[in-house]
J.: 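Could you have a look at this structure, given as structure tokens, before my questions?
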Amino acid sequence: MRKITLFLLMVLVSHALSAQFKMIAESTVFEEPEKGFSKILQMKNGYTMFFHITVKDGIDVKLYDEKHKPKAAKHLAPSYGKLKGGSVEGIFEINGDAILMISEFDGRVPTLFRLIVDGKTGELKDTKQVAELHKLGITSGYAMAFGGVPMPDFFVRKDPKSDHYAIAMFNSFESDRNRRIEILYFGPDNKEISHAFYASPEGKYKYMEYLDMAVIGNKSVSILANGFNTRASGGNEKELLLANLDAGAKDVSLTKLDFTKDMVITGGIVRYNPVTKKIVMLASAAKGRRSNQITPFLAIIDPFAKKLEMNDEIYPRQALQKSAEVFGEKRAFWGTPQNLYINNDGSFSVVYEEITNIVRNSGNYTSLSVRLTNVAIANYSIIGTEMGSYFIPKSHYIVGQNLSPFYLSMRDGMGQKLEGGNQFKSFAYLDGTKKSYVLFNDVEENRESSKKGKLTTIQGVSDCDAYFFNISGSDVMPERQFVFGKPESRKEHNLALFTISDYDREKNTLVTLKLENDRGDKGVKVVWMQPE
């Protein structure tokens, strides 16, 4: 009897380790996109759109119908022609069509274009320049590199629950401190609802730094910004400010969030909670501009009553304890928040990651790289009480980039840059209908070595497979499982491009790109899966 029980136990364990997401469908193999930007969109009509955007060769679109069959393949040549230095600031669905927000720094003038792609045919319906920043002067590069002046930029956010979206224009070189942040608010017809500047309160701050914004349907846009002065510009005063731009308004109303008076804000994000009708804010702060010690803050704000209801320092305590147990006290988890997800019941989850930016100077040459290591997920109740956390060891090394705080949040709606295989690194968080998951590519040897406090750092990805971690159970450090099932041989590996994936929570469908390299077929497939 004991032998039978042991046998059944081994079968169950084996099944758990080989369990996978349910495969719904997969496309035929096509050539892997290796440069430019890419993104997948699941449309409300059941269609799926795969985009590959390049600055010189235009845009390739693959359209699949509701049964995951090929519907169209289009090459789009926008009227702006070839871009010199483009970036994809946003890709999302509005009124049944795909919206692409593409920026360019042509002739030192930052410009933002809006492309509308037909959601049923893949045809380009419209291209329009919707925003433009001031021309950068000859000394602008020096001021950004050595003077601490932030880079001018565009930021795009869409409301997850409606077809409203907003554009923030950050004119860091604008001489008028009351016109440095400009907000454009759009409705489902892509027409402007409101347009206003985020003014410095009473002209008090020389520097206004945009952080994030949340679009609240057809009501308003809540914009988070950091107002501050330096010693050279009149003192060390600083404030975290939340502004509301209401539909039809020409001015913003400000709420001062002064709970970090003695701290320097290093980043922040905001999300609207439709269950509570409150803003959930995450911010990170340091005790000085040169300090490496970052403190994360969580706040809940009523944007309509303009009232700060709660704020507190946060940290994933169970994840910290588990990491110290596995890796030792000196290598315990120290990551900072990178993203925030609101659940259907109004509770929410905070995603943490350890990030180490590396800059090496050698003569006239400067090299950039970043280490993306261990991950933690903390779950919070509807009122902001921590309910527990998870710890997941990993180690990825990315060459040629430095990453800013909350980079995962910024990547959510943007196109993923394809460069040197770096797109296969980092991780994705899937906030599922019943369970939640962390997904990333890794080598199999890290399955056991991670339990002993050792990790192989991933630089090349040729020996990696795609894994998922169920973070809805009782195990603080959950076991990894193969996304596509265990490969039949050690020479076969199945990677996924999770950084361009799209998850439809209502249909419980994840669409991603699978690197097909197991049967002599070299290329990628679009795959549709259903998490268990």
Side-chain angles (χ1 to χ4, degrees), residues 89-95 99 101 103 112 114 130-133 152-171 174 178-201 208-227 239-257 265 267-283 299-309 339-342 348 406 409-410 412-414:
E89 308 294 346
I91 302 182
F92 45 84
E93 179 182 358
I94 294 293
N95 199 21
I99 303 295
M101 294 288 190
S103 65
L112 184 66
R114 180 182 63 201
V130 291
E132 181 179 284
L133 298 177
D153 209 346
F154 301 102
F155 303 90
V156 181
R157 283 289 188 197
K158 178 192 175 294
D159 176 23
K161 299 293 185 180
S162 76
D163 281 356
H164 293 76
Y165 62 99
I167 299 170
M169 303 163 61
F170 183 37
N171 254 315
E174 167 63 57
N178 292 316
R179 300 178 70 86
R180 292 207 178 107
I181 300 175
E182 189 174 358
I183 309 298
L184 308 177
Y185 182 16
F186 295 89
D189 56 1
N190 292 303
K191 293 182 179 180
E192 194 176 286
I193 296 175
S194 297
H195 185 172
F197 289 94
Y198 191 134
S200 173
M208 293 291 292
E209 182 181 14
Y210 169 90
L211 295 174
D212 196 22
M213 62 183 168
V215 182
I216 309 174
N218 61 358
K219 294 181 179 180
S220 65
V221 181
S222 289
I223 309 106
L224 185 68
N226 190 21
E239 279 182 312
L240 197 59
L241 306 163
L242 188 74
N244 264 23
L245 174 61
D246 297 328
K250 296 182 179 179
D251 299 295
V252 300
S253 55
L254 288 172
T255 302
K256 297 180 181 180
L257 309 173
I265 301 299
I269 58 174
V270 287
R271 296 288 185 271
Y272 179 66
N273 190 334
V275 177
T276 63
K277 295 180 172 53
K278 306 290 173 63
I279 290 288
V280 182
M281 185 198 74
L282 273 179
I300 295 178
I301 305 153
D302 187 330
F304 307 109
K306 299 176 179 60
K307 179 182 178 183
L308 175 66
E309 294 193 344
N339 214 344
L340 169 67
Y341 297 87
I342 306 294
F348 52 93
F406 297 100
S409 171
M410 290 184 285
D412 266 355
M414 300 175 68

J.: Is any side-chain heavy atom of Ile223 less than 4.5 Å from a side-chain heavy atom of Leu245?
T.: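 A side-chain contact under 4.5 Å exists here.
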J.: What's the shortest heavy-atom distance between Ile269 and Ser409, and which atoms?
T.: CG2-OG, 3.4 Å
J.: Val221 versus His164: any side-chain heavy-atom pair under 4.5 Å?
T.: no
J.: Assess the residue pair Phe154 and Leu133 against the criterion (side-chain contact (heavy atoms from CB on, under 4.5 Å)); give the C-alpha distance rounded to whole Å, side-chain angles, the decisive distance to 0.1 Å, and a yes or no.
T.: CA-CA 9 Å; Phe154 301 102; Leu133 298 177; 3.7 Å; yes
J.: Could you check if a side-chain atom of Arg179 sits within less than 4.5 angstrom of a side-chain atom of Asn171, using non-hydrogen atoms only?
T.: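 Result no, sub-4.5 Å side-chain heavy-atom pair not found.
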J.: Taking all atoms of both residues into account, what is the closest heavy-atom pair of Asn95 and Pro188, and its distance?
T.: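 Reported closest heavy-atom pair: CB-O, 3.5 Å.
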J.: Are the side chains of Met169 and Leu112 in contact, using a 4.5 Å heavy-atom criterion?
T.: no
J.: So, the side chain of Asp212 versus the backbone of Val270: is there a donor-acceptor pair under 3.5 Å, distance only?
T.: yes
J.: Atom OG of Ser162 and atom NZ of Lys219: how far apart are they, to the nearest 0.5 Å?
T.: 11.0 Å
J.: Return the CG to CG distance between Asn339 and Asp412, rounded to the nearest 0.5 Å.
T.: 4.5 Å
J.: If only atom types and distance count, is the side chain of Ser222 paired as donor or acceptor with the main-chain N or O of Ala214 below 3.5 Å?
T.: no
J.: Should Asn273 and Ile300 count as side-chain neighbours, where that means a heavy-atom distance under 4.5 Å?
T.: no
J.: Answer yes or no for Lys161 and Tyr272: cation-pi contact, defined as NZ/CZ to six-membered ring centre under 6.0 Å and angle to ring axis within 45°.
T.: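 No, Lys161 does not lie over the aromatic ring of Tyr272.
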J.: Taking the side chain as everything from C-beta on, heavy atoms only, tell me whether Arg271 gets closer than 4.5 Å to Pro160.
T.: no
J.: Distance-only, no hydrogens or angles: does the Asn244 side chain make a donor-acceptor pair with backbone N or O of Pro303 under 3.5 Å?
T.: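 Judged by distance alone, yes, a pair lies under 3.5 Å.
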J.: Restricting to non-hydrogen atoms, name the atom on Ala168 and the atom on Ile183 that form the minimum distance, rounded to 0.1 Å.
T.: CB-CD1, 3.8 Å
J.: For the NZ atom of Lys307 and the CG atom of Leu242, what is their distance to the nearest 0.5 Å?
T.: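 Between atom NZ of Lys307 and atom CG of Leu242 there are 15.5 Å.
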J.: Could you go step by step and tell me if Asn190 and Tyr165 meet the side-chain contact (heavy atoms from CB on, under 4.5 Å) rule?
T.: CA-CA 9 Å; Asn190 292 303; Tyr165 62 99; 2.7 Å; yes
J.: Using a 6.0 Å distance limit plus a 45 degree cone around the ring axis, check whether Arg114 lies over the aromatic ring of Phe186.
T.: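 Geometry flag: set, cation within 6.0 Å and 45°.
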J.: I want to check something: taking the side chain as every heavy atom from C-beta on, are Ile342 and Val275 in contact at a cut-off of under 4.5 Å?
T.: no
J.: Could you measure the distance from the CG atom of Asp246 to the CD1 atom of Ile193? Nearest 0.5 Å is fine.
T.: 11.5 Å
J.: Which value, rounded to the nearest 0.5 Å, describes the distance between Thr255 atom OG1 and Phe304 atom CZ?
T.: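 Those atoms lie 11.5 Å apart.
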J.: Might you point out which heavy atoms bring Gly248 and Ser194 nearest each other, and give the distance in Å?
T.: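 Smallest interatomic distance, heavy atoms only, reads N-OG, 2.5 Å.
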J.: Grab the two heavy atoms, one from Glu209 and one from Ile181, that are nearest each other, plus how far apart they are.
T.: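 Minimum heavy-atom contact is C-CD1, 4.1 Å.
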J.: Between the side chain of Asp302 and the main-chain N/O of Ala305, is any donor-acceptor distance below 3.5 Å?
T.: yes
J.: If you look at every heavy atom in Asp163 and Glu93, which pair is closest and at what distance?
T.: OD1-O, 3.8 Å
J.: Would you please test Ile99 and Lys158 for side-chain contact (heavy atoms from CB on, under 4.5 Å) and show each step?
T.: CA-CA 11 Å; Ile99 303 295; Lys158 178 192 175 294; over 6 Å; no
J.: Do Tyr185 side-chain atoms and Ser220 backbone N/O form a donor-acceptor pair below 3.5 Å?
T.: yes
J.: Answer yes or no: is there a side-chain heavy-atom contact under 4.5 Å between Leu224 and Leu240?
T.: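 A side-chain contact exists here, since the closest heavy-atom pair is under 4.5 Å.
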J.: Using 0.5 Å steps for rounding, measure from the CD1 atom of Ile301 to the CD atom of Glu309.
T.: 9.5 Å
J.: Can you check side-chain contact (heavy atoms from CB on, under 4.5 Å) on Glu89 and Ile167, steps first, answer last?
T.: CA-CA 10 Å; Glu89 308 294 346; Ile167 299 170; over 6 Å; no
